[in-house]
Amino acid sequence: MFGYELHQARRAELQRSADEWRLAQQARAGRAERRAAARRTTTRSAVRTDGEVTESPARTRGRALHRHSAA
């Protein structure tokens with residue numbers, strides 16, 4: 001009988017540990033989803049919605065400026 005009780009206690013401890021691990025995984029996944037959603041909404045809010053297209057000064061002159069050029 002004593003062996004059965006030890007087995008039950010060990011099983012209960014393993015079940016509790018598995019439940020804690022599962023809850024931690026779900027919490028991590030929830031935080032990751034909230035961060036991803038925040039990045040998506042931040043990115044979307046930065047997108048131009050007025051339809052205005054702005055040309056860079058380099059494109060209007062017909063040549064592209066390079067970072068290391070003297071121009």
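Reckoned from all heavy atoms, side chains included, excluding hydrogens, waters and symmetry mates.
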Open item on the list: With a 4.5 Å cut-off on side-chain heavy atoms, are R11 and Q8 touching?
Closed with: yes
TODO: Hey, could you give me each pair passing salt bridge (charged side-chain N to carboxylate O under 4.0 Å, His left out) that has a residue in residues 15-30? Not counting sequence neighbours.
DONE: E13-R16, R16-E20, D19-R22
TODO: Using a strict 4.0 Å threshold on nitrogen-to-oxygen distance, state whether R10 and E5 make a salt bridge.
DONE: no
Open item on the list: Running the 4.5 Å side-chain criterion over Ile, Leu, Val, Met, Phe, Trp and Tyr, what cluster does L6 land in, apart from itself?
Closed with: F2
TODO: For A29, enumerate each residue passing the side chain to side chain contact (heavy atoms under 4.5 Å, CB included) test, keeping only those at least two apart in sequence or located in another chain.
DONE: none
Task: E33 side, atom CD; R40 side, atom CZ - distance, nearest 0.5 Å - done: 5.0 Å
